[in-house]
Amino acid sequence: LSTSGNSSNVIKAAEFAHSSKLKVISLTGNDGGLLNKHSDININIPTNSTQRVQEMHILIGHILCDIVEQAL
C-alpha cells in the first residue's frame with residue numbers, strides 16, 4: 001500500500017521480493033508512482049486525493065479478504 005506509489009521503504013520491499021522470486025501486488029494512488037514499475041499487479045486509484053485513495057484501499061482490502069474467505 002502506498003498512496004503516492006513512491007514510498008521508498010515499500011519500493012525497497014518490492015525490489016527485495018522480486019530478488020527472492022516473489023510476486024508483488026500493490027495498491028497505489030495518483031499514477032502508481034515508482035511502485036507501479038516494481039509490481040506484477042498494481043491496483044491503482046487514479047486520483048491525487050489522499051483521502052479517496054486510502055478509502056478505496058480499505059474497501060479493496062475488505063473485498064480481497066471476502067474473496068479469500070469465500071474460497072476457504
Partner set under side-chain hydrogen bond (donor to acceptor under 3.5 Å, both in side chains) for S4, not counting sequence neighbours: none
Of I11, N9, T3, which meets side-chain contact (heavy atoms from CB on, under 4.5 Å) against S7? N9
Donor-acceptor contacts under 3.5 Å from residues 22-36 side chains, at least two apart:
from, atom 1, to, atom 2, distance (Å)
S26, OG, S39, OG, 2.7
S26, OG, N42, ND2, 2.7
T28, OG1, N42, OD1, 3.3
T28, OG1, N42, ND2, 3.1
T28, OG1, N44, OD1, 2.8
D31, OD1, G33, N, 2.9

Check the pair H57, V53 against side chain to side chain contact (heavy atoms under 4.5 Å, CB included), reporting the backbone distance first and the verdict last. CA-CA 6 Å; H57 285 177; V53 171; 3.4 Å; yes
Applying a strict under-4.5 Å side-chain criterion to I, L, V, M, F, W and Y, I'd like to know whether F16 and V10 cluster together. no
Rounded to the nearest 0.5 Å, what's the gap from CG on L1 to CD on Q54? Could you check? 9.0 Å
How long is the straight-line distance from OG of S49 back to CD of E55, given to the nearest 0.5 Å? 7.5 Å
Do NZ/NE/NH1/NH2 and the carboxylate oxygens of K12 and E15 come within less than 4.0 Å? no
Which pairs of donor and acceptor atoms, one on a side chain in residues 62-72, lie under 3.5 Å apart (sequence neighbours left out)?
none

Quick check on the hydrophobic clustering: are I43 and I58 connected, directly or via other members, by side-chain heavy-atom contacts under 4.5 Å? no
